[in-house]
Protein chains: 2
Amino acid sequence: MAQSDTVDRILDAAEELFAERGFAETSLRMITSKANVNLAAVNYHFGSKNALIHAVFARFLTPFSSTLEVAFDELEQKCQGQPPTLNQTLWVLTESAIRMPQRNEKGISIFMRLLGLAYTQSQGHLRKFLEQEYGQPFSRFMSLLKEATPELSAVDRYWRIQFMLGATAFTMSSSDALIDILDNKLGVQASVQEIAARLVPFLAEGMKAPDKLQVPPMLSGTTVA
Amino acid sequence: MAQSDTVDRILDAAEELFAERGFAETSLRMITSKANVNLAAVNYHFGSKNALIHAVFARFLTPFSSTLEVAFDELEQKCQGQPPTLNQTLWVLTESAIRMPQRNEKGISIFMRLLGLAYTQSQGHLRKFLEQEYGQPFSRFMSLLKEATPELSAVDRYWRIQFMLGATAFTMSSSDALIDILDNKLGVQASVQEIAARLVPFLAEGMKAPDKLQVPPMLSGTTVA
DNA sequence: TCAGTTCTCAAACGTATGTTTCAAACAGAC
DNA sequence: GTCTGTTTGAAACATACGTTTGAGAACTGA
């Protein structure tokens with residue numbers, strides 16, 4: 001074989017361990033042990049641990065961003081000049097993520113967790129890498145959101161987008177654990193797809209909320225800022 | 001002084017550094033340098049790095065959970081048997097957090113970020129510690145949420161609470177950065193209080209959303225699971 | 001077959017970490 | 001002033017990390 005499968009074994013192991021434990025808490029020795037590969041192989045094939053992290057993201061994000069661009073194209077084409085609705089936009093994103101070809105049964109949830117970690121763990125190099133490589137589809141999604149919510153002020157929209165990102169990143173990044181807890185507590189099985197189907201209307205409704213908080217009358221004596 | 005201020009200097013430095021960089025990425029040497037304290041002081045006063053992390057949380061959470069219990073008592077008393085509404089419950093929690101006495105101008109945002117990290121960074125010992133020490137007020141909050149949303153099924157409520165937690169933890173944990181970005185982009189000043197005032201209605205509205213996603217007609221040919 | 005390249009392997013390197021040690025400095029009580 | 005328990009200080013400890021090395025194996029193309 002021209003390129004050994006060592007590279008893929010490393011990527012598989014790294015992906016799973018990073019998702020489980022975070023980046024700083026996962027050592028190269030854990031990765032190479034899990035992958036049944038020599039320690040030096042990581043630096044030989046990738047150059048450094050940071051480059052390995054980038055490669056893990058690139059393996060998923062590159063095909064995903066292509067899929068997404070196509071899906072956005074189709075959406076805009078079908079809408080014929082009309083701006084897509086909020087529900088449509090959110091759902092196209094969600095569906096593109098869900099329908100990505102998955103390497104194993106954990107599939108999407110591993111990657112959602114990695115994306116969540118990318119946000120929450122400082123890791124300056126990662127943020128820079130993601131912005132540089134995949135900033136474009138993200139910008140396009142933001143534009144669609146803007147067109148879908150013309151009634152919102154820029155400030156309102158800004159904050160509510162952050163709220164949406166938070167709910168999504170947080171939930172998806174712990175989706176496995178949350179699914180388990182639900183099963184234990186209520187004996188209900190769930191899937192990432194179902195979480196998404198529940199998340200989208202929650203987000204869409206939140207985006208349409210009335211302007212700002214009316215302090216409940218019973219608390220109106222207190223200062224609010 | 002009976003107890004030197006070394007302990008507080010360590011806690012102050014640790015709190016700030018943990019919030020900035022996470023737990024694993026912050027070394028004891030960074031902390032003791034910032035605190036102008038000898039390296040060994042951490043292990044002398046706290047016993048271990050993990051115990052220091054616990055102490056950082058306890059310093060804030062212990063008074064906060066007392067405040068919260070009182071606030072919940074007052075709320076239930078005022079409602080005279082009627083279950084408090086969702087908005088009231090959320091706002092009492094928010095207000096209790098905002099009105100906590102703050103050590104400095106960063107105040108609440110530092111702690112929100114720490115709470116967010118506690119969720120997202122694995123740190124099994126921390127999760128166990130928080131559950132054990134502060135599980136009670138959390139359970140009470142959950143009960144109030146349940147009473148405030150009798151129309152929701154248990155499963156719906158479960159997921160939507162996760163969405164709320166996510167939006168809150170995520171936004172608050174990056175509140176400083178988000179406030180800066182908003183200022184740069186739109187020239188608008190904001191405060192943690194204002195974020196809260198915008199977050200509460202977003203969450204409340206999301207909680208009341210219609211049941212589940214109706215797949216948009218234009219996409220109904222696709223499988224949804 | 002054989003030269004040239006690509007890859008693997010065990011071992012080591014330098015550095016950073018959390019923790020421990022033990023002597024010195026300090027505090028308050030008598 | 002001396003004694004006792006508490007706190008600090010500089011140094012070292014053991015361990016784990018990411019990375020590098022250089023020799024050998026495995027593969028490639030002619």
Q: Go through A/Thr6 and A/Tyr44 one step at a time and tell me if the side chain to side chain donor-acceptor pair (under 3.5 Å) criterion holds.
A: CA-CA 11 Å; A/Thr6 302; A/Tyr44 175 78; over 6 Å; no
N or O in side chain of A/Thr6 less than 4.0 angstrom from C/dC7 OP1/OP2 | no
Query - C/dA16 phosphate, OP1 or OP2, under 4.0 Å from B/Ser27 side-chain N/O - result: no
Atom pair distance, as rounded to whole Å: [atom1] in [X] and [atom2] in [N]:
X: B/Asn38; N: C/dC26; atom1: CG; atom2: P; value: 14 Å
X: A/Leu39; N: C/dC7; atom1: CG; atom2: P; value: 18 Å
X: A/Leu17; N: D/dC17; atom1: CG; atom2: P; value: 12 Å
X: B/Phe46; N: D/dT7; atom1: CZ; atom2: P; value: 12 Å
X: A/Ile31; N: D/dT19; atom1: CD1; atom2: P; value: 11 Å
X: B/Leu28; N: D/dT8; atom1: CG; atom2: P; value: 16 Å
X: B/His45; N: D/dG5; atom1: NE2; atom2: P; value: 19 Å
X: A/Ile10; N: D/dT19; atom1: CD1; atom2: P; value: 13 Å

ask   = What nucleic acid atoms does A/Ala40 come within less than 4.0 Å of, heavy atoms only: base, sugar-phosphate, or nothing?
value = base
Could you tell me whether A/Thr32 contacts a base, only the sugar-phosphate backbone, or nothing, with contacts defined as non-hydrogen atoms closer than 4.0 Å?
nothing
Out of D/dA12, D/dG18, D/dT7, minimum distance to the side chain of B/Arg29 belongs to D/dA12
Of C/dT19, D/dT8, D/dT19, the nucleotide closest to the side chain of B/Ser48 is C/dT19
In terms of relative ring orientation, are [X] and [Y] parallel, tilted or perpendicular, with 30° and 60° separating the classes?
X: A/Phe202; Y: B/Phe202; value: perpendicular
X: B/Phe72; Y: B/Phe141; value: parallel
X: A/Phe57; Y: A/Phe23; value: tilted
X: B/Phe163; Y: B/Trp159; value: parallel

Closest to the 5' end of DNA chain C, once A/Tyr44 and B/Asn50 are matched to their nearest nucleotides, is A/Tyr44
